[in-house]
Structure formats: C-alpha cells, structure tokens
Amino acid sequence: MRTSRTLLSTLKEAPSEAELPSHRLMLRAGFIRRLASGIYTWMPLGLRIVRKVEAIVRAEMNRAGAVELSLPVVQPAELWQESGRWQAYGPELLRFRDRHERDFVLQPTSEEAITDIARSELKSWRKLPMHLYQIQTKFRDERRPRFGVMRGREFVMKDGYSFHADFADLQREYWVMHETYTRIFTRLGLAFRAVAADTGAIGGTGSHEFQVLADSGEDAIAFCPGSDYAANVELAEAVAPAGGRPAPAQAMQKVATPGKTSCEAVSEMLGLPLATSVKAIALMGSEGGIDGGPERFVLLLLRGDHSLNEIKAAKIPFLNPFRFATGEEIQKHMGCVPGYIGPVGVSGFKVVADRSVAAMADFVCGANDAGYHLTGVNWGRDLPEPDLVADIRNVVAGDPSPDGKGALELCRGIEVGHIFQLRTKYSEAMKAVFLDDKGESRPMEMGCYGIGITRIVAAAIEQGYDARGAVFPAPIAPFEACVVPIGYHKSAAVKEAADKLYADLLAAGVDALLDDRDERPGSMFADMELIGVPHRLVVSDKGLAAGTVEYKGRRDEKPSMLPQGEAVASVRAWLTPA
RNA sequence: CGGGGUGUAGCGCAGCCUGGUAGCGCGCCUGGUUUGGGACCAGGAUGUCGGAGGUUCAAAUCCUCUCACCCCGACCA
C-alpha cells in the first residue's frame, strides 16, 4: 500500500472525548471515528488490524476443528421468547419492530439462533460433536459505553458454540478451546492470562476468562506467582487464616470515638492497626432469586482492611438477592445510626462473619451507641458465635493462594475471551435433542466460546504504546514494515531505490507500506510511529551513496544501517517467528 | 439510572462572569522558499456559537426547556 492511495487521517491532537490511551491513539492514528455513543466507523487502517486479528482467530478455530458459519444480526423475538431471554435479558438487548409490527432483536450473542440450527440439523449422535462459530457484529445497548471500542455498543465478536452427546465430550472440547485460545493470544503477541471466572447467570460447571494484562483493565485478577493459579477477583477464594483464633487477651471496653464513623478513622484515633477492626455492613436480603421472598435484615462483618465481594455475598441463600440497607432500616434494627453499628448485643437477625473476622480476637467494632466503639471484643465471651461464617470478601495481595503454593498477587486485565460450559440450558429450553446410539432422545450438551475481536485491537494498544503512538506486535500491526523515502519527489535515485525496496518487500511476502507523500521527513516518521508500524526502512541519497538503508524498529532508541541488498532479507527474518 | 462536566471552524481551545463587529493554534486551499524528526513567508476559505423558546433596542454571553457527548459510580453475556 502507498500512503498516497489510502486514507491516512492522523490527528496531531486527540478529540477531547477520549480519555483512555488506546482510545486517544486510535482516534489520532485514524483507526476509528465515532458515529454515535459506543458506535464507531472502522477506518481503512483500523480495519486492517481487525482483519488480521480475525484471520488468526479464524485460522486457529479451523485448525481446532470448528466450522464457520454466519448467523443473522437481526433475529426474531420468538426465538428469544423460547429461551426465556426475551424476559431475562435487560435493556441491553436492543429490541425493535419491523413494518409488520413484529418484534426483533439485534444479536448481543447468539445461543438461540445457533441452537435453532442445531435442533433442526443435528438430530443424530452420529453428527455430534459439532462446533460452529461465526465472526460477526454484535450489539449490546450498554448503559454506559466507554473507552472507545473497548466497551462499545456495536462490536465484533467471534462466538462459537459446540454440541455434544455427553458431558465428558463437552469437557474435552472445553479444554481443546482452552488450548486454542492460548494459541490464539500467543500468536496475537499479547501478554495474557487464563483465569478462572464466575459463571454468572449462565450457570454451568466451568468457565475461564482470557485476560490481556493492562493497568487500565476493568477486571482485577488474583494470581499465584508460585503456581498456575489465577482467578478473577470476583471468584478468587479468600481462605481462612492459618492458625485459627487466638485466645482473648483483653477485656471488652467501651471507648468514646466521636465523629469517627469509619474503621480507618477509629483505628487511627486508637493507634491500632486497621486489621484489628471489624466493619459491619447492613443488608436487606431475601431468598429465592428474582421472585424472592420477604426481605430480611442481615449484618455482614468484614475486617477493617477488607472489602465486600458482592458476588460472593449473593451466593449465600438468604442474600440472593440483596441490597444495602437504608439509614432508616439500620436505625430500626440496630437502634443506632450508621457509623457506630456492631455485632455486640444485637438480636433478631442473622450475623454473617467473613472467615477472617471469625478468626479474630480482641477486635474493635461499633458499640451500637452513636460516638462509641468497643475494643477488646471476643467471640464466645462478649457475643455469640456468628450465625454463618463465609468467604464474603475480596482477596488482597499477600493473601495465601487457595492452592497453598504461595501468596496471591493482584493485577488488572482486559477480558478478551471467555469460555463456558453451558450444559443443557438452551438445548432443554429450545428442545435441541438428538437420538443417541440406543435410540433415546436426549438434550445436547453445549459449550460456548467468545473472543472480542474489536476489543483486542484496543487491548493490544493499551498493552503497547509510547509517547509517539501505538506499538503493535507485528502479527496485528496495520502494516509489518514501511519504507520512508527522503526526497522521493526530488531525487530520481531515491524514488527508484524506494520503489524497488517496496516491491521487493511485497514480493517477499511482507505487508509493506510506502510513504510516497511529498511530506517532510519528520511528518512521515511521526505518522509511521503513530500508527505503530514495527519496522521502518529509510531510503535517502545519503544512504544510497554508501550503499545502505537505514533501519529502525518501533521500540528502538536509535536507527542502524543495513547494506542495501540485505534490507529485505533482514526484515523478512525479523518477521518470522522463532 | 445517580453524581459531575462539556457543547463556539475539520481537531484543540479562548471569548460567556460584566450583552454591542466571533477569535487563536493546528489542519485545509493558492503562490513562493524549504526538505533527516510534525518547516517558513505571503495570501485565502471555512461558523445556523448543539437545538427550541424567552428577556432585551441588541444574546455565543442572561433565563427556561431540550438534545448530544465525556468522566465517576451502580449495572452486566
């Protein structure tokens, strides 16, 4: 490609709408342009990156035996009513009517449409297993689209669905996909980690997320450097402290703590470590999910330096679902204003202690008297044992790893892939059954596997950029190499050498860009760096006189010289994976 | 959905408080000089000041409503 023939629309200054580095750079580099909130045009250069990501994903999916098809973006409501998701899916599901007043949706994902295919086409065990996938536009009407294509409303996703005769075969495919995703993200050149994930509303027995590691990631990941344990913080287990509960050493005392309504403030005033305090969180919980029973007051206890994990809490039967209690409700059940509530001397509701709290002795907590806290509090002596001890907190760095192989560390990640064992949720709801080898009708076991294609582009930049622009791994850079001639429109020798170098690169299978614009060198260098081309070759009269071409890798500090005749072979070699 | 903020030329912004000729930088067009890190000189084009209504002799500026967008939070296959 020649720069003069493509649409290279770089900006010196980023539009003010962008905050995240990848978003700003994608706008500046001319990869995307916003059309509406969370909806972007992929400009020619950006689309090249998308296509390269797609090609790698497609190649590895095919290699793993999955088969590509394409499902409609617009799908009839009937299908969604059949699975129950017409009701269950919130306003993220974009619904609309056609001219005949029939309801339709824009696919946010396609379990229904694919299950419909499966039930009509896969009627015999002889046709199983079957793994079908598509790379397609998705739409989710996000409450708050943000960070450009990182969390847009319209995006491209690879979604695959596998169908199996039994659970064992689903598990086999699940691990094939685990391996395939590992190959994909490795080939994409990204630093990533596969982490155990919460299965969420979708249920099932197993789920892994593939997270690209980046400080700006929306997800927190706990991992153990001494083993392969890694889990989303939503899921990561906080194990009970080793050694159990120490014996009481102090008497319980009531101390005045006027105006100190937080564990931090109380600990600071008393000169005690934050980890010796207990914070009480008042919830209103009910049992039985969405249709739930009557709400009941529940008191949760966490160590002062810990935070509540709402997903874990919601797994307690009488807290599914829950909400935070209001000030009035706290006053009613505790007889005290928020800020000074505690578990001592209370009754009439359940008290749930985090594992770490249950192992504490001589702790500090609210006295249920405005302006006072208690110190030296001990379980069994000053208050009854909690009604329930559970893991309800977020793990913190330094916590023991659940596999016992060291201490956990935390990092942040961008979710770019997610694999699920769906089991029979959709096949049962939509009667996707097959005849097994005994002639019996059974629902198919299903797996589903997603990769956020467009999100990967943003994640790759988030993981690789500097002050000058994007720094792409070569496999997904918009171009692998560029030729920047100095004096292309002035020097016949430079033009001839640059054209030849460019042609030779193409002939060698290098995806090359020739900057044939009549621009000053500084402008051309700046643009090539902004769009993140990994390899740059500069042709100039000065170099030609010495028989050299200047080379500079995108991450290199200084350029170096290559003999003119070796430039193509060198670039070719650098692009070939070891 | 709650909180905060911003809408003025393609992009970044000033002007608004204190009403009176709509500005600056970059980009764009023409000509010239330049050509190894986003050049310089001269000339030029581009705005329903997000929209509607109101106050006023007069509104980018004051008032009301509205729309769009961004940030924080909550939410989330």
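If you're wondering where the values come from, they're calculated on a predicted model, not measured in any experiment. Every chain is numbered from 1 and lettered A, B, ... according to where its sequence line falls, protein lines coming before strand lines.
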Of A:Phe163, A:Tyr449, A:Tyr174, the residue whose pairing with A:His131 passes ring-ring contact (aromatic ring centres under 6.0 Å, His included): A:Tyr449

Applying a 4.0 Å non-hydrogen cut-off, can you work out what [X] is touching in the nucleic acid: base, sugar-phosphate, or nothing?
X        : answer
A:Val538 : base
A:Arg151 : base
A:Arg468 : base
A:Ala14  : sugar-phosphate
A:Glu310 : sugar-phosphate

Tell whether [X] reaches the base of [N] with its side chain through a donor-acceptor pair below 3.5 angstrom.
X        : N      : result
A:Arg536 : B:rG37 : yes
A:Glu529 : B:rG37 : yes
A:Ser16  : B:rG12 : no
A:Glu550 : B:rG36 : yes

Complementary nucleotide of [N], counting Watson-Crick and G-U pairs under 3.5 Å:
N      : value
B:rA45 : none
B:rA14 : none
B:rC40 : B:rG32
B:rG7  : B:rC67
B:rA60 : none
B:rC1  : B:rG73

With the side chain of [X] defined as its heavy atoms from C-beta on, choose the nearest nucleotide among [options].
X        : options                : answer
A:Lys542 : B:rU35, B:rC75, B:rG36 : B:rG36
A:Arg85  : B:rG38, B:rA39, B:rA77 : B:rA77
A:Asp518 : B:rC70, B:rU35, B:rA77 : B:rU35
A:Arg520 : B:rG38, B:rU34, B:rG36 : B:rU34
A:Lys552 : B:rA74, B:rG37, B:rC69 : B:rG37
A:Lys490 : B:rG73, B:rU34, B:rG36 : B:rU34
A:Phe420 : B:rC76, B:rA77, B:rC11 : B:rA77

Work out how far the [atom1] atom of [N] is from that of [M], and round it to whole angstrom.
N      : M      : atom1 : answer
B:rG43 : B:rC16 : P     : 29 Å
B:rU21 : B:rA58 : C1'   : 13 Å
B:rG4  : B:rA77 : P     : 29 Å
B:rC40 : B:rC26 : C1'   : 15 Å
B:rC62 : B:rU55 : C1'   : 8 Å
B:rG53 : B:rU6  : C1'   : 22 Å
B:rA60 : B:rG19 : P     : 14 Å
B:rC65 : B:rU61 : P     : 16 Å

Using heavy atoms to find the nearest nucleotide of RNA chain B for A:Pro15 and A:Arg153 separately, return the residue whose nucleotide is more 5′. A:Pro15

First encountered from the 5' end of RNA chain B, between A:Ser37 and A:Gly450: A:Ser37

Using the six-membered ring of A:Phe167, assess whether NZ or CZ of A:Arg423 lies under 6.0 Å from its centre and within 45 degrees of the ring axis. yes

Does the cation-pi check pass for A:Arg536 over A:Phe525, that is, NZ or CZ under 6.0 Å from the six-membered ring centre and within 45° of its axis? yes

Regarding [X] and [Y], does a basic nitrogen lie under 4.0 Å from an acidic carboxylate oxygen?
X        : Y        : result
A:Lys490 : A:Asp518 : no
A:Asp215 : A:Arg412 : no
A:Arg24  : A:Glu19  : no
A:Lys552 : A:Glu529 : yes
A:Arg323 : A:Glu329 : yes
A:Arg119 : A:Glu82  : yes

Specify the separation, in whole Å, of atom [atom1] of [X] and atom [atom2] of [N].
X        : N      : atom1 : atom2 : result
A:Met150 : B:rC76 : CE    : P     : 21 Å
A:Lys12  : B:rC24 : NZ    : P     : 18 Å
A:Met26  : B:rC11 : CE    : C1'   : 18 Å
A:Glu218 : B:rC72 : CD    : C1'   : 13 Å
A:Arg34  : B:rC70 : CZ    : C1'   : 9 Å
A:Phe147 : B:rC69 : CZ    : P     : 17 Å
A:Asp515 : B:rG37 : CG    : P     : 15 Å
A:Asp527 : B:rC26 : CG    : C1'   : 14 Å

B:rC72 phosphate, OP1 or OP2: any side-chain N/O from A:Arg144 under 4.0 angstrom? yes

Under 4.0 Å between a side-chain N or O of A:Arg143 and OP1 or OP2 of B:rC75? no

